[in-house]
Amino acid sequence: MSVFWAKGYDGASLRDLTGAMGITGPSLYAAFGDKRALYLKTIDHYCEADSCAPIVAFETEDEIGAAVRNFLLAVIHMATEHESGAKGCFLASSVVTTVGQVDGVAERVESAIEETEKRLAARFDREIAKGTLPPDFPSRERAALLFDIRQGYMFRGRGGWDAERLRRDVDARVRLVLMH
């Protein structure tokens, strides 16, 4: 994944990929079939593992304001201090450039957006059911807004903004997301 993230699909050579994985070309073909299949596997892995940390932070916090704040802070961490050294979002900074070029990518990107927004909206809906948010709170729209804020942070992180700079407006964004 780190090779695709850094070099993109077209820029990632088989030599780069096999070198990063410590395997031979025939082993790559035996395990994954081809470069495209490996690429799709990396997208699936990212969607199932890496991209979930902010959502889990959002879903597990009891108080909704703290939940939104924790989500944003987890996003900022991913955007600026990811353990792999990569910055930004793999889907937004690398994968989306191959929509329409690599079969199977568009569906995965669409599914990732839909699933993320669905999980975020469900968390807001729990607050409506508890009475913490008003019955007419626009859960789906705010989920989309929260997702878009996430992508903005990822873009800024990819552009070199550090965590301290991104954290400056977290409280204002929390208020914006929860505004009635």
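Side-chain atoms are counted along with the backbone in the values below, which use heavy atoms only and exclude waters and symmetry mates.
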Next item on the list: Kindly say whether Glu107 contributes a backbone atom to a donor-acceptor pair with the side chain of Ser111 at under 3.5 angstrom?
Entry: no
Notebook entry, point to check: Do side-chain atoms of Arg126 reach the backbone of Ala122 as a donor and acceptor pair under 3.5 angstrom?
Noted result: no
Next item on the list: Dump the intermediate steps for side-chain contact (heavy atoms from CB on, under 4.5 Å) on Leu146 and Arg142, then the final yes or no.
Entry: CA-CA 6 Å; Leu146 197 53; Arg142 295 303 166 83; over 6 Å; no
Next item on the list: Could you tell me whether the side chain of Phe147 reaches within less than 4.5 Å of the side chain of Gln151, counting heavy atoms only?
Entry: yes
Next item on the list: Could you tell me which non-hydrogen atom of Glu61 sits nearest to which non-hydrogen atom of Ala67, and how far apart they are?
Entry: CG-N, 3.3 Å
Note to self: For the residue pair Arg173 and Tyr153, would you count it as a cation-pi contact if the rule is NZ or CZ under 6.0 angstrom from the ring centre and within 45 degrees of the ring axis?
What the structure shows: yes
Next item on the list: Evaluate the side-chain proximity of Glu127 to Phe137: yes if any heavy-atom separation is below 4.5 Å, no if none is.
Entry: no
Note to self: Let me check something: do Leu73 and Val56 share a hydrophobic cluster, defined by ILVMFWY side-chain heavy atoms less than 4.5 Å apart, either directly or through other members?
What the structure shows: no
Next item on the list: Indicate the atoms forming the closest heavy-atom contact of Val99 with Ala106, along with that distance.
Entry: CG1-CB, 3.8 Å
Next item on the list: Measure the CG-CG distance between Asp125 and Leu133 for me, rounded to the nearest 0.5 Å.
Entry: 9.5 Å
Margin query: If I compare all heavy atoms of Ile128 with all of Ser139, which pair ends up nearest, and what's the gap?
Written below: CD1-OG, 3.3 Å
Item checked: Lys35 (side chain) donor-acceptor with Ala12 (main chain) under 3.5 angstrom -> yes
Notebook entry, point to check: Is there a donor-acceptor contact under 3.5 Å from the side chain of Arg123 to the main chain of Phe58?
Noted result: yes
Item checked: Non-hydrogen atoms of Thr80 and Ala163 that approach each other most closely -> OG1-CB, 3.4 Å
Margin query: side-chain contact (heavy atoms from CB on, under 4.5 Å), that's the test. Do Ile64 and Phe124 meet it? Break it down for me.
Written below: CA-CA 8 Å; Ile64 191 63; Phe124 287 128; 4.0 Å; yes
Check: In terms of hydrophobic clusters joined by side-chain contacts under 4.5 Å, are Leu72 and Ile113 together?
Finding: yes
Next item on the list: Answer yes or no: is there a donor N or O on one side and an acceptor on the other, between the side chain of Thr116 and the main chain of Ala112, under 3.5 Å?
Entry: yes
Margin query: Go through it in stages, so that I can follow the logic: the residues are Asp171 and Arg69, the test is salt bridge (charged side-chain N to carboxylate O under 4.0 Å, His left out), and I'd like the CA-CA distance, side-chain angles, deciding distance and then a yes or no.
Written below: CA-CA 7 Å; Asp171 291 333; Arg69 190 175 208 303; 3.1 Å; yes
Notebook entry, point to check: Are the side chain of Asp16 and the backbone N or O of Ser13 linked by a donor-acceptor pair below 3.5 Å?
Noted result: yes
Note to self: Any salt bridge linking Asp44 with Arg108? Criterion: basic side-chain nitrogen under 4.0 Å from a carboxylate oxygen.
What the structure shows: yes
Notebook entry, point to check: Does Met21 share a hydrophobic cluster with Ile43, counting links as ILVMFWY side-chain heavy atoms below 4.5 Å and allowing steps through other members?
Noted result: yes
Checklist line | Nearest-0.5 Å distance that lies between atom CG in Asp103 and atom CG in Leu40 | finding: 8.5 Å
Next item on the list: Kindly determine whether Leu176 and Met179 satisfy side-chain contact (heavy atoms from CB on, under 4.5 Å), including the steps that lead there.
Entry: CA-CA 5 Å; Leu176 177 67; Met179 190 170 63; 4.2 Å; yes
Next item on the list: Find out whether Val170 and Val68 are in side-chain contact, i.e. whether some heavy atom of one side chain is under 4.5 Å from a heavy atom of the other.
Entry: no
Check: Between CG of Leu120 and CZ of Arg150, what distance do you get to the nearest 0.5 Å?
Finding: 9.5 Å
Notebook entry, point to check: How far apart are the C-alpha atoms of Glu59 and Lys118, what are their side-chain angles, what is the distance that settles it, and do they pass the salt bridge (charged side-chain N to carboxylate O under 4.0 Å, His left out) test?
Noted result: CA-CA 12 Å; Glu59 290 172 330; Lys118 190 183 307 178; over 6 Å; no
Next item on the list: For salt bridge (charged side-chain N to carboxylate O under 4.0 Å, His left out), just list the numbers for Arg167 and Glu164, CA-CA rounded to whole Å, side-chain angles, deciding distance to a tenth of an Å, and then say yes or no.
Entry: CA-CA 5 Å; Arg167 286 187 199 111; Glu164 181 181 335; over 6 Å; no
Next item on the list: Could you go through the side-chain contact (heavy atoms from CB on, under 4.5 Å) check for Leu28 and Thr24 one step at a time?
Entry: CA-CA 6 Å; Leu28 182 138; Thr24 64; over 6 Å; no
Checklist line | Heavy-atom closest pair, residues Phe71 and Ala57 | finding: N-CB, 4.4 Å
Notebook entry, point to check: About how many Å separate CG of Leu145 and CZ of Arg140, when rounded to the nearest 0.5 Å?
Noted result: 13.5 Å
Check: Does Asp169 use its side chain to pair, donor to acceptor, with the backbone of Ala172 at less than 3.5 Å?
Finding: no
Notebook entry, point to check: Short question: side chain of Arg156, backbone of Trp161 - any donor-acceptor pair under 3.5 Å?
Noted result: no
Notebook entry, point to check: Do Ser94 and Tyr9 have side-chain atoms, one donor and one acceptor, less than 3.5 Å apart?
Noted result: no
Checklist line | Any Tyr46 side-chain heavy atom under 4.5 Å of Val95 side chain | finding: no
Margin query: Please give me the minimum heavy-atom distance between Cys47 and Leu91, naming the atom from each residue.
Written below: SG-CD1, 3.8 Å
Notebook entry, point to check: Between Trp5 and Phe90, how do the two ring planes meet: parallel, tilted or perpendicular, split at 30° and 60°?
Noted result: tilted
Check: Can you tell if the side chain of Tyr29 reaches within under 4.5 Å of the side chain of Thr18, non-hydrogen atoms only?
Finding: no
